[in-house]
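For reference, the structure is listed below as structure tokens.
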Amino acid sequence: MTARSFGPVIVVHGGAGKAATDVVEARRAGVRAAVMNGWQTLTAGGSAVEAVEQAVKMLEDDPAFNAGRGACLNRDGEIELDASIMDGRDLAAGAIGAVKRIVNPVTLARAVMEAGGPILLVGEGAQQFAAAVGIQECAAEALVTERQRARWTALRQECAESVGTVGAVALDRAGHLAAATSTGGLPLKAPGRVGDSALIGCGTYADDQLGAAGCTGDGEAIIKLTLAKTALEFLREGEEPMEAARRAVRELTARTGAEVGIILLDRYGRIGVARNTAQMACAWIREGNIDPEIFD
Ligand code: GLY
């Protein structure tokens, strides 16, 4: 194909899995608002990094999603958050794992990226970094919703499984790509467990020469397949974006049987989306089609 860019483009997702009907509706509204927020950033001349951060922040603030406020609780009944962000211009990346009391983990991940030192900070070190760069902690209970507390109580009795994460990929007017992901992880996860959403190449990847990808679902399976980078390598092999996303999910399903979803853009801004779950609320906007397309 010709190297014509379709940018700007933004795609967001609100997590793969299966949700109750009222949550599905809330998530549709949430991804719509988030994609419009990211789009406004892009059309105002903002970078792809700014757009994915703004979109993911909005999803973190929305209690319908398993990220930021509304995140699921770990085995001890606490919230521990993972997030990452990557700039396709120069492969700069930042990530945080198992942080507590942070309202917008994606903003902390961006601060880690911009500091230009370690790419991944976890636990107490990440909390100290947040304080050093002026990101305030909130009260632990400020992130806990009644829905997640009730779910934790129910899950402790039946040990059911669930998934969910939020993420965004974008291509800006200058032709640069970015990806960002944020999650509360898996319900009842072991304290200290860090999933794919904090790991560059697994839950998040962006490279202007290739594309940008964000994953959702069973983090351990996504890590085993380094799913975001694997899907982008399929683009390098010449796959169309939609087929690259589907092939990544097919391979993961065949190798692990786990539940996942993925969104991606190729370097021209063409969209790929795939999931093997019942639902994954998604929305995208691109030049010439500014009414968000929503599907789950
Ligand atoms: N994909 C989110 C997690 O497993 O932590």
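Note that ligands are numbered from 1 as they come in the structure, with each ligand's atoms numbered from 1 the same way. The figures that follow rest on heavy atoms only: side chains count, while hydrogens, waters and symmetry mates do not.
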Q: Number the atoms of ligand 1 from 1 as they appear, then name those within less than 4.0 Å of a heavy atom of S197, with their elements.
A: 1 (N), 2 (C)
Q.
Test your reading of the structure: does T183 have an N or O sitting under 3.5 Å from an N or O of ligand 1?
A. no
Q.
Tell me the protein heavy atom at minimum distance from atom 5 (O) of ligand 1, and give that distance in Å.
A. R193 NH1, 2.6 Å
Q. Are any side-chain N or O atoms of T253 and backbone N or O atoms of V249, one a donor and one an acceptor, separated by less than 3.5 Å?
A. yes
Q) Would E239 and R246 pass as an ion pair if we require N to O under 4.0 Å? A) no
**Q.** Backbone N/O of R286 and side chain of W39: donor-acceptor pair under 3.5 Å
**A.** no
Q) Looking at I263, L59, V169, which one forms a side chain to side chain contact (heavy atoms under 4.5 Å, CB included) with H13? A) I263
Q. Ion pair present between E251 and R247, side-chain N to carboxylate O less than 4.0 angstrom?
A. yes
Q: Would you mind finding which of G217, G195, G219, G185 brings a heavy atom closest to atom 1 (N) of ligand 1?
A: G217
Q. What atoms of ligand 1 come within less than 4.0 Å of a heavy atom belonging to T165?
A. 1 (N), 2 (C)
